[in-house]
Amino acid sequence: MYKVDIYEDGGTRTTIFEYGDNDSLIKAGTLEKAVDAIDEFKFDMVHHNLFLGSYKTLVEIRNLKTDKVVFRGRILLPSNQMGEDGLYDSDYTAEGAMAYLHDSYPNYGTYTDYTPSQYLSSLLYKHNAAVEPYKQLKLGTVNFTKKKEVSTDPSFDTTRYSYTTPEKSTMDHIREDGVNRWGGEIFARYEADGTYIDWLDEPTEVKETSFRIGRNIKSIKRTIDPLDVVTRLIPLGAAEVNQYNQEARITIESVNNGKSYIDIPELIAVYGIQTGTEIFDDKTSPELVMQAGQEKVAEIRKQAAKVQIDVNVLDLSTIDLEPDEIVRGNKHRCYVEELGINGEVLRIVATTEDIMNPQNKSIRIGERPLTSAEVQEQIAADKNRMLERKMTTTTANLKQEVDYHQKVITGEIGGVLTVKDAEGNSIIKNGQSQFNLAVWRYYPPFYVDGVEIVRSFFVTNNTITSVFDAYTIVPQQKYLIVILSCYIDTAGATGTVEIINFKNSETKFYQSATVTAVGSGNQQEITFTVNLENISSEKLSFYLRFNSSIAQAKIYAREMFVGTTNTNI
């Protein structure tokens with residue numbers, strides 16, 4: 001699914017990993033992406049003769065399925081070592097191209113009545129003028145809802161004035177003076193003609209794919225994070241000089257019965273006293289500071305703690321069993337009854353992806369703020385302790401489908417028989433991936449009444465044709481290969497095995513074979529080879545069917561291999 005290239009600016013590219021290539025230099029790699037953060041790629045390489053230097057060696061990752069660049073950046077930390085086995089290898093950390101914004105520092109500047117787009121454009125212009133060509137970034141889409149200003153004092157009206165200073169990097173200006181002030185989120189978008197910086201609202205669309213135990217959730221853990229919770233707030237106003245010629249801020253003692261703080265009793269009952277301060281530079285009297293402090297307490301009650309959900313998932317879009325790829329920023333419905341999550345819309349705020357096995361992803365969803373009332377409910381429900389449950393086991397029925405999909409993707413289903421491609425060097429395993437094989441099994445199997453499963457064989461004594469399995473195929477290679485192991489348990493009887501597609505009412509292919517072998521110790525191998533070159537359907541499905549010649553005899557059949565290849569075997 002992924003291809004990884006390294007290169008230096010203006011130099012020749014070298015491919016160090018390509019999905020399905022046995023000669024790749026990378027032996028492990030993870031791609032990490034989080035909302036409003038710089039992308040990161042960590043990878044380990046076998047011993048090699050390439051020179052990969054800090055900051056100068058560039059990395060690009062392309063998704064071969066979508067033909068889109070998903071990462072572009074530079075090597076940050078190379079490390080070489082020898083393991084206990086005496087083998088040498090290297091591990092590296094690469095940071096995404098948005099990190100280039102830390103390499104430039106703008107001059108002093110004041111901007112009046114600039115829009116966010118104009119401000120970002122000005123910063124990128126100065127950045128691009130100060131760095132090498134490969135570090136230059138482009139203005140992308142700027143479209144978000146600006147925060148409402150809370151200050152009525154013109155001297156604090158940040159909607160009118162923007163500033164730059166050489167004391168902070170371009171990246172710090174964008175985050176601190178742009179995103180923190182106006183809102184929205186920034187992302188790096190990798191295109192063929194360069195890297196763009198987008199400034200957007202959080203998406204509102206809820207994706208069709210949902211997260212469910214027994215479907216695509218392998219494990220899940222939910223925690224409530226109270227580390228930033230404040231249960232006693234000290235509000236401070238504008239600074240003024242006191243009688244001792246010291247600068248001090250306005251406090252609220254004079255209007256709050258001698259107390260400089262505001263307590264939140266329901267949170268103190270849960271977390272104890274956790275003191276925090278809030279400075280209101282534009283409040284010039286104790287009354288105004290008190291009012292601002294009370295408004296802040298109301299906000300704290302709405303966001304008393306943070307819920308965080310970490311999930312290990314199967315991305316079933318890799319085999320077209322779900323319509324949506326699991327990526328950072330998307331919103332999905334989640335169903336985990338054991339954790340009290342019943343269709344709640346949650347957002348993916350971070351992903352960690354194994355490029356060697358792209359179907360396996362670790363994601364963080366939620367980070368939704370909890371109100372003080374919700375915190376109390378959660379704590380009470382879990383006997384006054386942090387809610388931290390890990391769904392490591394489920395019932396056999398719930399696990400069955402996830403385990404099945406995992407085996408489809410990794411190629412565990414269908415025995416050990418393998419087929420080589422047209423070049424004779426790439427091993428093709430059943431269900432390895434839709435990018436190489438384009439075949440996967442229906443779930444559950446389509447076997448009909450009268451068909452049993454005995455010792456991994458499908459068995460029937462029906463004299464009429466019975467369906468015992470079904471698959472879906474995308475005709476990307478020349479031939480569909482189905483290899484079956486079959487036998488009859490009664491001498492003198494015969495059986496018939498068939499393969500037939502079932503896309504709409506038109507039959508794209510049909511083949512049959514007669515089974516005469518008697519007994520499990522004398523099984524008959526049957527190979528169906530279907531020429532796909534004249535089949536233009538994007539996706540179609542097929543049944544495997546069988547029947548016995550007499551009701552007193554049973555026919556046994558199982559697939560040893562189902563896949564596609566460019567070699568007619």
In plain terms, say whether [X] and [Y] are close enough for a salt bridge, that is, a side-chain N and a carboxylate O under 4.0 Å apart.
X	Y	value
Arg347	Glu202	yes
Asp469	Arg545	no
Lys65	Glu325	no
Lys68	Glu191	no
Asp67	Arg62	yes
Lys221	Asp310	no

Euclidean distance, [Y] [atom2] relative to [X] [atom1], rounded to 0.5 Å:
X	Y	atom1	atom2	result
Ile499	Leu544	CD1	CG	5.5 Å
Leu137	Thr195	CG	OG1	6.0 Å
Lys135	Leu58	NZ	CG	9.5 Å
Arg181	Ile174	CZ	CD1	12.5 Å
Met171	Asp103	CE	CG	12.0 Å
Phe43	Ile26	CZ	CD1	5.5 Å

Would you please test Ile363 and Ile326 for side-chain contact (heavy atoms from CB on, under 4.5 Å) and show each step? CA-CA 9 Å; Ile363 63 174; Ile326 297 175; 3.9 Å; yes
Kindly give the heavy-atom pair with the smallest separation between [X] and [Y], and that separation in Å.
X	Y	answer
Ser466	Val448	CB-CG2, 3.8 Å
Ser54	Leu76	OG-O, 3.3 Å
Asn312	Ser362	OD1-OG, 2.7 Å
Asp172	His102	OD1-CE1, 3.9 Å
Val59	Ala94	CG2-CB, 4.2 Å
Asn216	Ser210	ND2-O, 2.9 Å

Report the C-alpha separation of Arg328 and Val35 in whole Å, then their side-chain angles, then the decisive distance to 0.1 Å, and conclude whether the side-chain contact (heavy atoms from CB on, under 4.5 Å) test is met. CA-CA 7 Å; Arg328 167 194 60 187; Val35 170; 3.9 Å; yes
Cut-off 3.5 Å, side chains only: do Ser317 and Asp315 have a donor facing an acceptor? yes
Side-chain H-bond candidate by donor/acceptor type, Asn357 with Asp354, under 3.5 Å: yes
Is the shortest heavy-atom distance from the side chain of [X] to the side chain of [Y] under 4.5 Å?
X	Y	result
His332	Ile365	no
Leu532	Lys508	no
Phe211	Ile341	no
Phe458	Glu559	yes
Tyr471	Ser541	no
Leu540	Ile473	yes
Ile481	Val562	no
Leu101	Leu124	yes

Stacked cation flag Arg74 on Tyr55, 6.0 angstrom / 45 deg: no
Cation over ring, Arg72 on Tyr190, under 6.0 Å and within 45°? no
Yes or no on side-chain contact (heavy atoms from CB on, under 4.5 Å) for Glu32 and Glu353, after CA distance, side-chain angles and deciding distance? CA-CA 6 Å; Glu32 300 177 6; Glu353 184 171 356; over 6 Å; no
Apply salt bridge (charged side-chain N to carboxylate O under 4.0 Å, His left out) to Glu322 and Arg215, showing your working. CA-CA 10 Å; Glu322 290 286 6; Arg215 174 65 177 173; 3.2 Å; yes
Let me know which of Ile355, Val327, Asp39, Ile61 forms a side-chain contact (heavy atoms from CB on, under 4.5 Å) with Val70. Ile61
Begin from the C-alpha positions of Glu185 and Asp201 and carry the test side-chain contact (heavy atoms from CB on, under 4.5 Å) through to its verdict. CA-CA 6 Å; Glu185 299 170 341; Asp201 266 330; over 6 Å; no
Tell me whether [X] contacts the main-chain N or O of [Y] through its side chain, where contact means a donor paired with an acceptor under 3.5 Å.
X	Y	value
Asn501	Phe509	yes
Lys3	Leu64	no
Asp198	Thr141	yes
Ser485	Arg558	no

Output field: ring centroids Phe468/Phe546 closer than 6.0 Å: yes
Below 6.0 angstrom between ring centroids: does that apply to Tyr19 and Tyr2? no
For the CG atom on Asn342, are there more than 12 heavy atoms of other groups (residues, nucleotides or ligands in this structure) within a distance under 6.0 Å? yes
Residue Glu208 excluded, over 12 heavy atoms near CD under 6.0 Å: no
Salt bridge (charged side-chain N to carboxylate O under 4.0 Å, His left out) for Lys42 and Asp91? Distances and angles first, verdict last. CA-CA 7 Å; Lys42 298 177 180 178; Asp91 60 81; over 6 Å; no
Tell me whether the rings of Trp199 and Trp182 are parallel (<30°), tilted (30 to 60°) or perpendicular (>60°). tilted
